[in-house]
Amino acid sequence: MVKIGYKLAAEGFGPAELVRQAQRAEAAGFDFVEISDHFHPWLDVQGHSPFAWSVLGAIAQGTERIGLATGVTCPFVRYHPAIIAQAAATVALLSDGRFTLGIGAGERLNEHVVGRGYPAVAQRHEMLRESLEIIRLLWEGGYQSYEGQYLDLEDARIFDLPETPPAIAVAASGPASASVAAELGDGLFAVEPDADLVSEYRRLGGDGPRFGEAGLAWAPTEEAAIEAAWTTARWSLTGWKVMSELPNPVNFEAASEYIRREDVAEKLSVGPDLDAHVETVRPFVEAGFDHVALMNLGPDPDGFFDVFESELGPRLRELGPAASAN
């Protein structure tokens with residue numbers, strides 16, 4: 001059965017509200033929550049961007065059952081992989097093993113802030129590989145050192161380690177990153193229902209969970225859903241080559257200036273129609289994803305939790321292997 005998650009939009013809510021939403025998601029029956037790990041929001045109107053790792057610690061202590069994940073963390077510019085190895089180990093301990101470390105190559109929006117620049121794609125993939133090697137090394141225990149082409153580690157040890165290290169889901173969008181996910185990760189993370197990506201991951205030996213992320217906008221009316229999604233999420237229609245390269249919210253404001261409300265309505269399932277929302281998730285299941293996080297871009301999180309608990313969640317759980325084989 002597919003596991004359904006809830007994406008905590010750290011760009012749109014403050015830290016206490018994110019913890020509350022995670023608790024509400026657990027009560028509504030979600031299997032896991034993901035949180036974005038940003039320094040900036042995409043647009044100024046979103047108005048938030050708390051430190052994801054502090055929020056995760058609070059969620060770990062404020063929940064009992066629900067899985068936790070980063071969706072996703074870049075471990076090599078704004079952070080060093082040693083810091084992420086330590087942070088992930090700590091959250092795993094606080095959550096009694098419920099944490100999955102989602103890892104990716106990041107966006108300039110968040111990584112440029114430390115003044116080290118933002119590397120080209122090929123270099124980012126190499127830095128991601130080195131980061132994963134460092135994290136794995138530190139999770140072995142003891143004092144460790146590493147000398148890479150881009151990243152180094154000197155005589156470092158993580159003293160608080162869980163008995164079983166957190167699973168690592170590696171974000172991928174093509175063959176190169178799928179190879180890294182299969183070789184050095186425990187799972188795959190993607191934002192498109194790409195069956196070829198899943199097939200390539202499996203062909204290369206990847207046999208872990210496959211995390212997908214489906215955007216939708218629930219509201220009691222279609223008009224309210226469209227307005228909310230356009231106001232806070234029109235940046236998402238600019239495409240990955242834009243999303244990964246722009247440095248600040250003002251740039252995303254300019255890049256999305258000509259995106260219309262009707263463009264958002266065409267791209268997303270919007271409004272109260274649960275059939276449309278089910279059909280948004282179905283392609284992920286049919287492509288081979290067994291974990292799908294819902295990114296609700298509507299204006300009413302609590303209303304969405306109510307609808308998920310009563311109607312949407314049971315329908316999505318029916319999208320199992322039998323449905324995907326049709």
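Here the CG-CD distance, from Asn296 to Gln21, works out to 9.0 Å after rounding to the nearest 0.5 Å. From Leu268, atom CG reaches atom OG1 of Thr280 across 7.5 Å, with rounding to the nearest 0.5 Å. The structure places CZ of Phe211 at 8.0 Å from NZ of Lys3, a figure rounded to the nearest 0.5 Å. If you take CD on Gln123 and CG on Leu128, they are separated by 12.5 Å, rounding to the nearest 0.5 Å. Note: Lys267 NZ to Ile259 CD1 = 10.5 Å, rounded to the nearest 0.5 Å. With values rounded to the nearest 0.5 angstrom, Leu161 atom CG is found 10.5 Å from Glu140 atom CD.
Scanning both residues, Thr238 and Ala255, for their nearest heavy atoms gives CG2-O, 4.1 Å. Pro50 approaches Leu18 most closely through the heavy-atom pair CG-CD1, 3.8 Å. Ala171 and Gly104 get closest at one heavy-atom pair: CB-CA, 4.0 Å.
With sequence neighbours left out, Glu262 forms a salt bridge (Lys or Arg N to Asp or Glu O under 4.0 Å) with Arg260. Checked against salt bridge (Lys or Arg N to Asp or Glu O under 4.0 Å), Arg116 has no partners two or more places apart in sequence or in another chain. Contacts of Asp275 classified as salt bridge (Lys or Arg N to Asp or Glu O under 4.0 Å), with partners at least two apart in sequence or in another chain: Arg315. For Glu154, the side chain to side chain contact (heavy atoms under 4.5 Å, CB included) criterion is met by no residue, not counting sequence neighbours. Not counting sequence neighbours, the partners of Ala69 by the side chain to side chain contact (heavy atoms under 4.5 Å, CB included) test are Glu34, Thr100. Shown here are the side chain to side chain donor-acceptor pair (under 3.5 Å) partners of Glu11, two or more places apart in sequence or in another chain: Ser36, His38.
Side-chain atoms of Leu316 and Val278, non-hydrogen and from C-beta on, do get closer than 4.5 Å to each other. Looking only at side-chain heavy atoms (C-beta outward), Leu132 and Ile103 come within less than 4.5 Å of each other. When side chains are defined from C-beta on, Leu153 counts as touching His80, because their heavy atoms get closer than 4.5 Å. Here the side chains of Glu107 and Asn110 are in contact, with some heavy-atom distance below 4.5 Å. Using a 4.5 Å heavy-atom threshold, the side chains of Leu93 and Asp160 count as touching. Two residues are said to be in side-chain contact when any heavy atoms from C-beta on lie closer than 4.5 Å; Trp139 and Ile135 meet this criterion. Between Leu109 and Leu246, the closest side-chain pair of non-hydrogen atoms is not below 4.5 Å. Within the 4.5 Å cutoff, the side chain of Val292 has no heavy atoms near those of the Glu213 side chain.
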- Message: Does Glu227 form a side-chain contact (heavy atoms from CB on, under 4.5 Å) with Arg261? I'd like the steps, not just the answer.
- Response: CA-CA 7 Å; Glu227 187 64 27; Arg261 288 167 176 79; 2.7 Å; yes
- Message: Working note: Ser49 + His40, criterion side-chain hydrogen bond (donor to acceptor under 3.5 Å, both in side chains); need CA distance, chi angles, decisive distance, verdict.
- Response: CA-CA 6 Å; Ser49 197; His40 289 147; over 6 Å; no
- Let me see the working for Thr232 and Leu43 under side-chain contact (heavy atoms from CB on, under 4.5 Å), right down to the final yes or no. CA-CA 7 Å; Thr232 64; Leu43 298 173; 5.8 Å; no
- Message: Using side-chain contact (heavy atoms from CB on, under 4.5 Å), reason through Ser131 and Leu151 one step at a time and then give a plain yes or no.
- Response: CA-CA 7 Å; Ser131 297; Leu151 297 167; 3.3 Å; yes
- For Arg20 and Asp302, what are the C-alpha separation, side-chain angles and deciding distance, and is it a salt bridge (charged side-chain N to carboxylate O under 4.0 Å, His left out)? CA-CA 10 Å; Arg20 188 196 73 83; Asp302 287 297; 2.9 Å; yes
- Message: Quick one, Arg98 with Ile66, criterion side-chain contact (heavy atoms from CB on, under 4.5 Å). Give me CA distance, side-chain angles, the key distance, then yes/no.
- Response: CA-CA 7 Å; Arg98 291 182 281 137; Ile66 199 164; 4.1 Å; yes
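Residue Tyr146 places its OH atom among more than 12 non-hydrogen atoms of other residues, nucleotides or ligands, all under 6.0 Å distant.
Remark: Asp207 does not engage Arg202 in a salt bridge, criterion side-chain N to carboxylate O under 4.0 Å. A salt bridge does not link Asp196 with Arg203: every distance from a Lys NZ or Arg NE/NH1/NH2 to an Asp or Glu carboxylate oxygen is 4.0 Å or more. The pair Arg317-Asp31 meets the salt-bridge criterion, with a side-chain N (NZ, NE, NH1 or NH2) lying under 4.0 Å from an Asp/Glu carboxylate O.
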For a quick test of your reading: what N or O donor-acceptor pairs under 3.5 Å do the side chains of residues 217-226 make, sequence neighbours left out?
| residue | atom | partner | partner atom | Å |
| --- | --- | --- | --- | --- |
| Thr221 | OG1 | Ala224 | N | 3.1 |

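For residues 37-65, every residue pair satisfying the salt bridge (Lys or Arg N to Asp or Glu O under 4.0 Å) rule, not counting sequence neighbours, is listed here: Asp37-Arg78. Sequence neighbours left out, not one pair with a member in residues 86-95 passes side-chain hydrogen bond (donor to acceptor under 3.5 Å, both in side chains). The list of ring-ring contact (aromatic ring centres under 6.0 Å, His included) pairs with a residue in residues 234-256, not counting sequence neighbours, reads Trp42-Trp235, Trp42-Phe252. Legend: salt bridge (Lys or Arg N to Asp or Glu O under 4.0 Å) pairs involving residues 130-139, not counting sequence neighbours, sorted by first then second residue: Arg136-Asp186.
Aromatic ring orientation, Phe284 versus Phe289: perpendicular (interplanar angle above 60°, classes split at 30° and 60°). Ring geometry for Phe30 against Phe305 counts as perpendicular: the plane angle is over 60°, on a 0 to 90° scale with 30° as the lower cut.
Through ILVMFWY side-chain contacts below 4.5 Å, Val250 is grouped with nothing and stands alone.
Hydrophobic clustering of Ile, Leu, Val, Met, Phe, Trp and Tyr side chains at less than 4.5 Å, counting indirect connections, unites Ile35 with Tyr79.
Not less than 6.0 angstrom separates the ring centroid of Tyr6 from the ring centroid of Phe32.
Judged purely by distance below 3.5 Å, without hydrogens or angles, the side chains of Arg124 and Tyr118 pair a donor atom with an acceptor atom.
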